[in-house]
Amino acid sequence: MTARDQHKWSPVLRPIVRQMMSKLYLTAGALLIASAAIIATAAEIPLDQRTSAYPGMSRETRAMQDDDTANPATLWVLDGETLWGTKAGAVNKACADCHAEGSMKGVAARYPALRGGKVFDLEQRINLCHTGQQKAAAPFPFESRELLALTAFIGRQSRGEPIAIDETKLEPAIEMGRKIFFERQGQLSLACAQCHNDNWDRQLAGSPVGQAHPTGYPIYRLEWQSLGSLQRRLRNCMVGMRAEPYALGSPEFVALEAFLMYRARKMKIETPAVRP
Amino acid sequence: MARPLINVPRKAKRGEVIEIKTLISHIMETGFRTNQMGALVPRDIITLFTCEYDGEEIFRAELHQAVSANPFITFFTTATNSGTMTFKWTGDNNFAVTETASITVE
């Protein structure tokens, strides 16, 4: 209420009006808090109702994922296998020279992970080894054939393993990711949770919305006609929300990855999955 | 990095109908798209795929711009003799990949 409004009332009425208005503000405030609480607690999907997008896909797409020789992502897995055994960097060592065969089993199910006080996702961890141990001149760029191939090759070895990131150590990252997940953003003022928690069983422009569990990354997306990382997928969603996407490899994206992996805890890895 | 993936049964009975699956890494750039500067991205596709079974051509496919990236081609044939199958992909920019698979027919 502005001073200009107030001066219209007689001095007798002024206190009464003021009281009425303050009551109105209180009610409005309470309503705001209540609606904020609804958004903040927008129910997480009960653990036993969580599902991968896989069962909802068409028969053909499922068949593509089931058969490794029909799954185009296998092309990247094979490239990754080659890279794994290829000497690289200033020290001229291959991944296989340090890491024993089979030592990568279950690794993808535990990322993002903490290392030296910093949270790394699997792609960043590969690059840490590439520049740190192999002493390569430059890290693999995000979404490069090499990085996707190595991630797919490592991820493939965790197929069927339950997701189990270190919830205690990663708590700050998970909380940051949770905040982003529930935060309205972009020109459409949408939060991730509004689609993927509240309306996951409905359709958006003819396609199922889905619960957004990162069980199959990197995925071969038919729409992309290529393999892509979880961050590429997140970028995709943010552009759709008309929000400005975070940079690939930014702490925000890694935090969101950490939260999504926590949200999908104990679900089984399908890497490399095929998605429409 | 254009390693093709081929799935041919190792063993088959004579006269049995077998399924052959092939997958190859290729961008299949249509030649219709423009880049960020508005310039046309030149066409780069696989134009021909053939399969020879014991020197005899049993399958041939001409590919055009509407085929997606990483073409997956699958077809059926009758197992006649033990021998090798030769798969060939040829296309723009002198793209040529040959891969073989052997089959034992009992």
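Chain identifiers are assigned alphabetically (A, B, ...) following the order of the sequence lines, protein sequences preceding nucleic acid strands; residue numbering begins at 1 within each chain. Reckoned from all heavy atoms, side chains included, excluding hydrogens, waters and symmetry mates.
From Leu147(A), atom CG reaches atom CD of Gln124(A) across 9.5 Å, with rounding to the nearest 0.5 Å. To the nearest 0.5 angstrom, Leu256(A) atom CG is 12.5 Å from Met261(A) atom CE. We find the CG-CG distance between Leu150(A) and Leu83(A) to be 5.0 Å, quoted to the nearest 0.5 Å. Going from atom CD of Glu183(A) over to atom OG of Ser189(A) covers 10.0 Å, rounded to the nearest 0.5 Å.
Classification of the Phe59(B)-Phe75(B) ring pair by plane angle, with boundaries at 30° and 60°, yields parallel. Between His99(A) and Trp84(A), the two ring planes are tilted [angle within 30° to 60°].
Checked against ring pair (Phe, Tyr, Trp, His ring centres under 6.0 Å), Phe253(A) has the following partners two or more places apart in sequence or in another chain: Tyr246(A).
Only the side chain of Asp67(A) comes within contact range of chain B, with at least one heavy atom under 4.5 Å from a heavy atom of that chain.
Listed by sequence position, Tyr220(A), Gln225(A) are the residues of residues 212-229 of chain A in contact with chain B, using a 4.5 angstrom heavy-atom cutoff.
The most heavy-atom pairs under 4.5 Å with chain A, out of Thr22(B), Ile27(B), Asn70(B), come from Asn70(B).
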